[in-house]
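The structure appears right after this line, and notes come after that.
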Amino acid sequence: MDSAQPAPSAQSAHATPPTLLDLSTYLLSRVGKTARGRLAARLARRELRLWDMAVLAALADFGPHAQRELVVRLGVDASDMTKVIDQLAAAGWVERARDPRDRRRVSVSLTPEGRTALTELDAEARAVQDEVLAPLDADERRALHALLLRVHREL
């Protein structure tokens, strides 16, 4: 008697193992990867990356930063941050200025054009969010957001 398992059907071959579906961390990872990929694709159409949006958001939310403070706040490698700032400055979305009290310090600030760009990028991000969260109603989305925010704050 052959003890080999039958070949999975086409439908079941794409099914996620129930053991993984029982792990919230697995589900968060898969949903996050999908959402990030969709947002990255939208930003790529504008020749931008997620870090570009993150820098604009940090400057909009917290005001001007020393470039090295942005590195720490966003967890980006310093050389990568230089490239991001260079690209954003070339687009006219951020400005760099030397700190008059410490000439070694470079302060980065958001321009009005950068604020406009961030508004557009935020709309793109919210469109992706709406796609990913389409199965949930408004109350469920609010509850999910509150729970995720609570977990995030404890990390």
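Considering all non-hydrogen atoms of both residues, L39 and A125 come closest at CD1-CA, 3.7 Å. P135 approaches E140 most closely through the heavy-atom pair O-OE1, 4.1 Å. Of all non-hydrogen atoms in E120 and R46, the two that sit nearest each other are OE1-NH1, 3.2 Å. Closest heavy-atom contact between L59 and S109: CD1-C, 4.1 Å. Residues R104 and R68 share a closest heavy-atom pair of O-NH1, 4.5 Å. Taking both residues in full, the closest heavy atoms of W51 and G75 are given as CH2-O, 4.3 Å, listed atom of the first, atom of the second, then distance.
The side-chain heavy atoms of L148 and V151, taken from C-beta on, include no pair separated by under 4.5 Å. Residues T82 and Q67 form a side-chain contact, since some pair of their non-hydrogen atoms from C-beta on lies under 4.5 Å apart. Inter-residue side-chain proximity for L48 and R42 is flagged as unmet; no heavy-atom pair is nearer than 4.5 Å. Using a 4.5 Å heavy-atom cutoff, the side chains of L70 and I85 are in contact. In this structure the side chain of Y26 reaches within 4.5 angstrom of the side chain of T16, judged on heavy atoms.
Salt-bridge check for E131 with R126: failed, with every basic side-chain N at 4.0 Å or more from each acidic carboxylate O. D86 and R96 are joined by a salt bridge, as a carboxylate oxygen and a charged side-chain nitrogen come within less than 4.0 angstrom of each other. We find that D52 and K83 are not joined by a salt bridge, their nearest charged nitrogen and carboxylate oxygen being 4.0 Å or further apart. Salt-bridge annotation for R45 and E124: absent, with no side-chain N of the basic residue lying under 4.0 Å from a carboxylate O of the acidic one. A salt bridge is defined here as a Lys NZ or Arg NE, NH1 or NH2 lying under 4.0 Å from an Asp or Glu carboxylate O, and D137 with R141 fails to meet this definition.
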inquiry  = Could you walk me through whether V71 and D77 satisfy the side chain to side chain contact (heavy atoms under 4.5 Å, CB included) test, starting with their C-alpha distance in whole Å, then the side-chain angles of each, then the deciding distance to 0.1 Å, before giving a yes or no?
reply    = CA-CA 6 Å; V71 165; D77 182 82; over 6 Å; no
task = Could you give me the CA-CA distance, side-chain angles and deciding distance for E95 and L110, then say whether side chain to side chain contact (heavy atoms under 4.5 Å, CB included) is met?
result = CA-CA 6 Å; E95 292 177 336; L110 192 63; over 6 Å; no
task = Just do the side chain to side chain contact (heavy atoms under 4.5 Å, CB included) check on Q129 and H145 with the steps written out, would you?
result = CA-CA 11 Å; Q129 180 173 280; H145 183 81; 5.7 Å; no
task = Apply the test side chain to side chain contact (heavy atoms under 4.5 Å, CB included) to residues M81 and V55: give CA-CA distance (whole Å), side-chain angles for both, the deciding distance (0.1 Å), then the verdict.
result = CA-CA 9 Å; M81 181 59 73; V55 168; 3.7 Å; yes
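L74 and V84 fall within a single hydrophobic cluster, where Ile, Leu, Val, Met, Phe, Trp and Tyr are joined by side-chain heavy atoms under 4.5 Å apart, directly or via other members. Note on V31 and L50: same hydrophobic cluster, where clusters join Ile, Leu, Val, Met, Phe, Trp and Tyr whose side-chain heavy atoms are under 4.5 Å apart, directly or indirectly. A continuous path of ILVMFWY side-chain contacts below 4.5 Å connects L121 to V132, so both sit in one hydrophobic cluster.
Rounding to the nearest 0.5 Å places CG of L20 at 8.5 Å from CG of L27. Between the CZ atom in R150 and the CG atom in L155 there is a gap of 12.5 Å [rounded to 0.5 Å]. Note that CG of L88 and OG1 of T111 are 9.0 Å apart. Values are rounded to the nearest 0.5 Å. Note that CG of L56 and CG of D61 are 10.5 Å apart. Values are rounded to the nearest 0.5 Å. In this structure, CZ in R73 is found 3.5 Å from NE2 in H65, a value given to the nearest 0.5 Å.
Judged purely by atom type and a 3.5 angstrom limit, T34 uses its side chain to pair as donor or acceptor with the backbone of R30.
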